[in-house]
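Down below is the structure, laid out as structure tokens.
Order of the sequence lines fixes the chain letters, A, B, ..., with proteins taken first and strands second; residue numbering starts at 1 for each chain.
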2 protein chains.
Amino acid sequence: MTSSLHHRAIENLGTRIISGELPAGHIMLAEKLEDELKVSRSVIREAVRVLQSLGLVETTKRVGIRVLPPSRWNPFDPQVIRWRLASKARGAQLRSLAELRSAVEPAAAELAAQNAPAPLRLELVDVAHAMRDAGHRGEVPRFLELDIQFHSLLLSGSGNEMFANLMGQVAETLTGRTVHGLMPDHPHEAALQWHVDVAEAIARGDAGAAREASDKIMRRTMSQMSDTWTEQPRVFIPVHR
Amino acid sequence: MTSSLHHRAIENLGTRIISGELPAGHIMLAEKLEDELKVSRSVIREAVRVLQSLGLVETTKRVGIRVLPPSRWNPFDPQVIRWRLASKARGAQLRSLAELRSAVEPAAAELAAQNAPAPLRLELVDVAHAMRDAGHRGEVPRFLELDIQFHSLLLSGSGNEMFANLMGQVAETLTGRTVHGLMPDHPHEAALQWHVDVAEAIARGDAGAAREASDKIMRRTMSQMSDTWTEQPRVFIPVHR
DNA sequence: GAGTTTTGATGTCTGCACACATCGGTGTCA
DNA sequence: TGACACCGATGTGTGCAGACATCAAAACTC
């Protein structure tokens with residue numbers, strides 16, 4: 001039911017708010033939205049409720065539906081992330097995700113070395129080896145697939161559901177990286193070995209080594225991507241008091 | 001507007017789903033919910049839409065409203081976190097948050113040292129010094145307040161909106177820690193100094209030192225709390241989707 | 001077993017009554 | 001005359017009730 005009227009209304013408004021077409025402070029009236037989107041009140045109302053729970057709008061009696069500033073948006077919501085990735089803020093969103101990833105993955109590796117179930121450890125080693133092979137052969141699509149699987153397994157193996165939940169966003173950054181031609185046909189040899197190091201350290205339960213190898217991967221990834229988004233402005237969310 | 005019928009319905013159902021009272025696979029009918037909560041269909045429908053966007057339920061024609069398993073919940077949503085903190089899974093939720101925090105804060109410190117605006121750096125130093133004073137004097141409530149402010153400023157100063165968004169959850173873990181008597185009257189002397197070290201490193205733009213000092217704080221916090229949740233079962237979210 | 005019909009739940013639409021924040025007019029007082 | 005508090009009018013979201021549309025599971029037919 002991904003194209004119900006209600007869903008399309010959410011998509012329409014969410015996209016327009018996050019793109020900046022509907023700026024913070026802009027006020028919409030439910031009735032106007034009805035004829036603009038050619039749907040009934042109930043559809044609009046349900047859509048507005050969802051956008052409200054995402055922090056994109058707030059409703060006030062006698063005023064209308066007010067668009068909220070980006071600082072109020074829930075930056076972890078998958079829909080918000082998707083809309084930002086489709087907007088001019090795509091670069092900033094990718095940077096945020098990459099920073100989050102580079103903070104989380106070494107911690108996930110450490111936890112996975114302590115907690116991951118045995119079958120997952122074995123699969124991780126297999127995937128790391130397959131990655132190295134695919135990398136040597138220059139099989140780019142196959143490598144991307146394995147790369148996503150590797151990092152998904154790693155996050156899943158941490159046993160932290162918040163880390164695991166980042167799988168989807170990580171996949172997005174990895175595919176985004178290859179789509180934008182930031183990946184050479186033959187991945188860096190050392191990086192391939194670091195993936196194997198992470199997997200083997202987890203397999204033998206060496207948390208320190210797992211973290212260290214993962215950290216190397218992340219630092220290399222960050223330095224590789226950093227020059228593509230240096231011009232992105234940073235937003236500092238005020239600390240409420 | 002926090003006690004609209006629609007909001008209360010969300011709260012009621014969200015709490016019951018996350019507490020496990022309404023288990024995964026349980027099927028609810030909109031009509032039944034109307035009688036049960038004594039509200040009209042539109043209220044139920046709007047509430048269900050929001051719960052749907054949080055991944056708590058899905059609707060299927062001819063079947064009803066199905067409760068989804070925890071692996072489908074959005075673990076980063078503030079409401080979901082709040083409901084989990086109020087459930088039997090409180091311990092597991094606190095551990096997840098602490099792990100996330102200990103991964104993110106050192107990275108945030110590193111970024112803050114590179115990007116934070118000057119006034120924020122100064123404020124951070126002030127707060128760190130005030131924290132040390134309050135700690136020495138054994139002013140527990142004052143210390144907690146400053147502690148929350150310190151870590152909020154740190155996350156905000158990173159210039160990463162996802163990091164900044166964790167301020168609220170961090171405050172929750174810190175207050176939870178003191179409420180549960182896990183904080184001594186006089187905080188560890190070294191920990192107090194590490195906070196000052198983080199602030200001063202950020203103030204002078206020394207990213208490496210900022211990360212290192214922050215990492216020390218996080219490692220000590222984790223080792224301090226780890227024995228309180230060793231019995232919490234870990235959940236491994238399958239990578240397939 | 002494959003194809004068809006029935007059924008029952010959500011999806012969508014509409015008209016109405018109500019709650020309540022804002023605005024503007026009115027009256028009071030200095 | 002001007003400043004201020006009050007209060008009612010107005011407009012908008014909120015909640016309700018009922019109808020019909022849609023569509024997929026389930027029952028039925030062959």
Side-chain angles (χ1 to χ4, degrees), chain A residues 1-17 21-69 72-74 79, chain B residues 1-17 21-69 72-74 79:
Chain A
M1 198 60 56
T2 59
S3 77
S4 60
L5 291 182
H6 137 80
H7 187 272
R8 269 185 283 173
I10 292 179
E11 206 65 25
N12 181 313
L13 295 174
T15 307
R16 285 161 66 191
I17 290 172
E21 179 191 335
L22 302 174
H26 178 81
I27 287 184
M28 304 176 291
L29 270 42
E31 199 182 351
K32 298 283 182 191
L33 292 177
E34 289 176 38
D35 30 89
E36 186 183 330
L37 303 185
K38 301 279 191 274
V39 293
S40 69
R41 259 192 329 237
S42 55
V43 171
I44 292 295
R45 284 168 53 166
E46 289 164 25
V48 167
R49 285 288 188 238
V50 172
L51 296 175
Q52 193 177 30
S53 84
L54 301 183
L56 266 58
V57 303
E58 72 182 356
T59 61
T60 314
K61 278 181 174 157
R62 166 79 199 197
V63 174
I65 301 152
R66 182 184 289 111
V67 176
L68 293 175
R72 301 281 300 275
W73 303 346
N74 179 355
Q79 292 193 105
Chain B
M1 207 66 51
T2 59
S3 72
S4 60
L5 291 183
H6 138 81
H7 188 272
R8 268 184 285 174
I10 292 179
E11 206 64 28
N12 181 312
L13 295 174
T15 306
R16 286 161 65 192
I17 290 171
E21 179 191 335
L22 302 173
H26 179 81
I27 287 184
M28 304 175 292
L29 269 44
E31 198 182 351
K32 298 285 181 187
L33 292 177
E34 291 178 38
D35 309 341
E36 191 184 324
L37 303 185
K38 301 279 191 273
V39 293
S40 72
R41 191 149 171 235
S42 58
V43 172
I44 293 294
R45 290 184 52 78
E46 288 165 26
V48 167
R49 286 283 183 246
V50 172
L51 296 175
Q52 194 176 29
S53 85
L54 301 182
L56 266 57
V57 303
E58 70 181 357
T59 60
T60 313
K61 274 183 172 167
R62 169 77 203 212
V63 174
I65 301 152
R66 197 197 327 270
V67 176
L68 293 175
R72 300 281 298 276
W73 302 345
N74 179 356
Q79 292 192 103

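Rounded to the nearest 0.5 angstrom, A:Thr15 OG1 and A:Ile10 CD1 are separated by 11.0 Å. Atom CD1 of A:Ile17 sits about 9.5 Å away from atom CG of A:Leu54, to the nearest 0.5 Å. Summarising the geometry, atom CG belonging to B:Leu13 is positioned 10.0 Å from atom CD belonging to B:Glu11; distances are rounded to the nearest 0.5 Å.
In the set D:dC16, D:dA25, C:dC13, D:dA25 carries the atom at the smallest distance from any side-chain atom of B:Val63. Closest contact between the side chain of B:Leu5 and the listed nucleotides D:dT12, D:dC16, C:dC13 involves D:dC16.
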Distances under 3.5 Å between nitrogen or oxygen atoms of protein and nucleotides 3-7 of chain C:
| from | atom 1 | to | atom 2 | distance (Å) |
| --- | --- | --- | --- | --- |
| C:dT7 | O2 | B:Arg62 | NH1 | 2.2 |

Review item, nucleotides 27-29 of chain D N/O atoms under 3.5 Å of protein N/O:
none

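A search for side-chain contact (heavy atoms from CB on, under 4.5 Å) contacts involving B:Arg66 returns B:Ile27, B:Glu58, B:Thr60, B:Val63, not counting sequence neighbours. A search for salt bridge (Lys or Arg N to Asp or Glu O under 4.0 Å) contacts involving A:Glu31 returns nothing, not counting sequence neighbours. Residues that satisfy the side-chain contact (heavy atoms from CB on, under 4.5 Å) test with B:Ala30, not counting sequence neighbours, are B:Ile44, B:Ile65. Contacts of B:Arg45 classified as side-chain hydrogen bond (donor to acceptor under 3.5 Å, both in side chains), with partners at least two apart in sequence or in another chain: A:Glu46.
Using a 4.0 Å cut-off on heavy atoms, none of the residues of residues 31-41 of chain A approach DNA chain D. At a non-hydrogen distance threshold of 4.0 Å, B:Arg45, B:Arg49 from residues 44-52 of chain B come into contact with DNA chain C.
What separates CD of B:Glu58 from P of C:dG11 is a distance of 11 Å, to the nearest Å. If you take NZ of A:Lys61 and P of C:dC20, they are 5 Å apart, rounded to a whole angstrom. Spacing between atom CZ of B:Arg66 and atom C1' of C:dT10 amounts to 13 Å, rounded to whole angstrom units.
Both A:Ser42 and B:Ile65 lie close to DNA chain C; mapped to their nearest nucleotides by heavy-atom distance, the more 5′-ward contact belongs to B:Ile65.
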Could you pull out every donor-acceptor pair under 3.5 Å between side chains of residues 33-40 of chain B and any protein atom, sequence neighbours left out?
| from | atom 1 | to | atom 2 | distance (Å) |
| --- | --- | --- | --- | --- |
| B:Glu36 | OE2 | B:Arg16 | NH1 | 2.8 |
| B:Glu36 | OE2 | B:Arg16 | NH2 | 2.8 |
| B:Lys38 | NZ | B:Asp35 | O | 3.0 |
| B:Ser40 | OG | B:Ser42 | OG | 3.2 |

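At least one side-chain heavy atom of A:His6 sits under 4.5 Å from a side-chain heavy atom of A:Val50. For the pair A:Leu56 and A:Leu68, the minimum side-chain heavy-atom distance is 4.5 Å or more.
One finds a side-chain N or O of A:Thr59 lying less than 4.0 angstrom from the OP1 or OP2 phosphate oxygen of D:dT14.
Here the closest heavy-atom approach between residue B:Ala47 and residue B:Ala9 is recorded as CB-CB, 3.8 Å.
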